[in-house]
Amino acid sequence: MVIQSQKLSASPYDLASTLTCGQAFRWTRWDHTSVGVIDDHWIQVSQQGPSLHVSTTHSSPNWKRIEDYFQVRLDLDNVTRSFPMDSHLREAKRAYRGLRLLKQSPWECLASFILSSNKQIPHIQQIITRLTQRFGTPLEVPPGHEPLASFPTAAHLASVSEADLRKLGMGYRAPFLSEAARRVSDGRLVLQSLFEMPYPEAFASLQTLPGVGPKIANCVLLFAFQKQEAFPIDVWIKRALSTLYFSDASPSPKQLEAFARSYFNPYAGYAQQYLFHYVRNQPRSPQPH
DNA sequence: CTCCAGGTCCAGA
DNA sequence: TCTGGACATGGA
């Protein structure tokens with residue numbers, strides 16, 4: 001087995017936060033090394049100062065795609081400089097300087113977030129792991145490492161029965177995933193075309209899928225299609241915005257959306273991810289239980 | 001046992 | 001537009 005390596009430089013970069021902040025579900029961390037999958041590449045990555053050391057078992061690695069995935073070319077400070085200067089965002093920015101949005105694959109991202117609804121992140125990871133093991137293509141893995149597989153294609157999942165999907169523990173989301181797989185594989189939904197589409201159009205287009213509402217559509221537009229104005233509002237962000245910016249009043253969905261769009265612009269999506277990671281790592285207060 | 005999770009859908013105000 | 005409840009599943 002041949003392992004090929006490459007060093008990518010990017011500063012600032014916070015690899016640990018980037019891979020654990022809930023945007024991607026397939027990375028596991030051992031010591032200071034993360035192992036995961038990008039398309040059909042088995043990937044091992046670690047950070048040393050301003051560089052990422054990336055290794056893969058792929059016979060002819062697509063390094064351009066890998067660089068793109070990790071978004072090492074982005075001028076991150078230019079992005080975070082545009083954040084509003086309030087104390088919460090300033091603190092999040094300080095604590096997680098180097099946190100980046102990845103550029104994920106459209107189908108994997110869409111399918112993953114269809115599975116994410118009303119589920120905790122560890123559960124989502126569990127389901128996705130089972131889905132890849134059952135229906136993905138096994139990848140070459142160095143000795144001593146867990147077997148990993150590529151994410152199953154839309155075409156393959158379209159050929160799988162809902163009952164077989166349910167066996168993986170995804171519950172009522174099975175028909176949603178199934179329908180998305182059919183529409184993507186038969187061309188009724190051309191994911192690639194969303195790259196060219198303006199945000200509002202792309203936003204509406206994704207929501208024609210059953211099981212895809214505003215939150216999931218925004219996640220997919222932000223994490224796969226790099227629409228920077230997408231601002232996913234989940235339970236955590238809703239709580240955070242209510243406490244931090246509405247002094248615990250309970251704003252309506254419409255109010256939240258309007259506030260987020262104007263206040264965090266132009267990099268609302270990035271601001272959202274900093275806030276999300278920040279509140280989720282708070283020791284106590286906004287956290288339930 | 002009860003409550004909740006990176007929500008969405010549907011029905012009824 | 002907004003609200004309440006249902007929806008599968010698993011962990012706390």
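Below, all heavy atoms of this structure are taken into account, side chains as well, without hydrogens, waters or symmetry copies. Note on naming: letters A, B, ... go to the chains in the order of the sequence lines (proteins, then strands), and numbering restarts at 1 for each one.
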d([atom1], [X]; [atom2], [N]) in whole Å:
{"X": "A:Leu256", "N": "B:dG7", "atom1": "CG", "atom2": "P", "answer": "14 Å"}
{"X": "A:Leu110", "N": "B:dT8", "atom1": "CG", "atom2": "P", "answer": "12 Å"}
{"X": "A:Gln120", "N": "B:dA5", "atom1": "CD", "atom2": "P", "answer": "7 Å"}
{"X": "A:Asn118", "N": "B:dC3", "atom1": "CG", "atom2": "P", "answer": "15 Å"}
{"X": "A:Leu177", "N": "C:dC7", "atom1": "CG", "atom2": "P", "answer": "21 Å"}
{"X": "A:Leu115", "N": "B:dG6", "atom1": "CG", "atom2": "P", "answer": "14 Å"}
{"X": "A:Glu162", "N": "C:dA8", "atom1": "CD", "atom2": "P", "answer": "11 Å"}
{"X": "A:Gln125", "N": "C:dT9", "atom1": "CD", "atom2": "P", "answer": "20 Å"}

Euclidean distance for [atom1], [N] against [M] (whole angstrom):
{"N": "B:dC4", "M": "C:dG5", "atom1": "C1'", "answer": "15 Å"}
{"N": "C:dC2", "M": "B:dA5", "atom1": "C1'", "answer": "23 Å"}
{"N": "C:dT1", "M": "B:dG6", "atom1": "C1'", "answer": "24 Å"}

Closer than 4.0 Å, any side-chain N/O of [X] to the OP1 or OP2 of [N]?
{"X": "A:Arg173", "N": "C:dA8", "answer": "no"}
{"X": "A:Ser117", "N": "B:dT8", "answer": "no"}
{"X": "A:Arg239", "N": "B:dA5", "answer": "yes"}

Exercise. Return the 5'-most residue of the pair A:Gln207, A:Gln23 with respect to DNA chain B, ranking by each residue's nearest nucleotide.
Key: A:Gln23
Quiz item: So, A:Gln226 versus A:Gln71: side-chain donor-acceptor pair below 3.5 Å or not?
Solution: yes
Quiz item: So which nucleotide does C:dT1 pair with, by the Watson-Crick or G-U wobble rule with both distances under 3.5 Å?
Solution: B:dA13
Practice problem: Look through every strand shown and name the nucleotide pairing with B:dA5 as Watson-Crick or G-U wobble, where both distances are under 3.5 Å. | Solution: C:dT9
Exercise. Spell out yes or no: do the side chain of A:Gln126 and the base of C:dG11 have one donor N/O and one acceptor N/O closer than 3.5 Å?
Key: no
Quiz item: Is there a donor and acceptor pair closer than 3.5 Å between the side chain of A:Lys119 and the base of C:dT9?
Solution: yes
Quiz item: Going through the distances and angles, do A:Ser34 and A:Arg29 end up as a side chain to side chain donor-acceptor pair (under 3.5 Å)?
Solution: CA-CA 4 Å; A:Ser34 298; A:Arg29 212 171 156 74; 3.2 Å; yes
Would you call the rings of [X] and [Y] parallel, tilted or perpendicular if under 30° counts as parallel and over 60° as perpendicular?
{"X": "A:Tyr245", "Y": "A:Phe259", "value": "tilted"}
{"X": "A:Tyr270", "Y": "A:Tyr274", "value": "tilted"}
{"X": "A:Trp27", "Y": "A:Phe70", "value": "tilted"}

How would you label the contact of [X] with the nucleic acid (heavy atoms, under 4.0 Å): base, sugar-phosphate, or nothing?
{"X": "A:Phe223", "value": "base"}
{"X": "A:Ile124", "value": "nothing"}
{"X": "A:Gln255", "value": "nothing"}
{"X": "A:Lys254", "value": "sugar-phosphate"}
{"X": "A:Gly22", "value": "base"}

Practice problem: Could you work out which one of C:dC2, B:dA5, B:dG6 sits closest to the side chain of A:Pro232? | Solution: B:dG6
Quiz item: Looking at the side chain of A:His123, which of B:dG6, C:dG10, C:dC7 is the nearest nucleotide?
Solution: C:dG10
Quiz prompt | Output field: ring centroids A:Phe83/A:Tyr267 closer than 6.0 Å | solution = no
Quiz item: Do we see A:Phe276 stacking on the base of B:dG6, given a limit of 5.5 Å between centres and 30° between planes?
Solution: yes
Quiz item: Taking the side chain as C-beta and beyond, is there a heavy-atom pair between A:Ser159 and A:Phe135 under 4.5 Å?
Solution: no
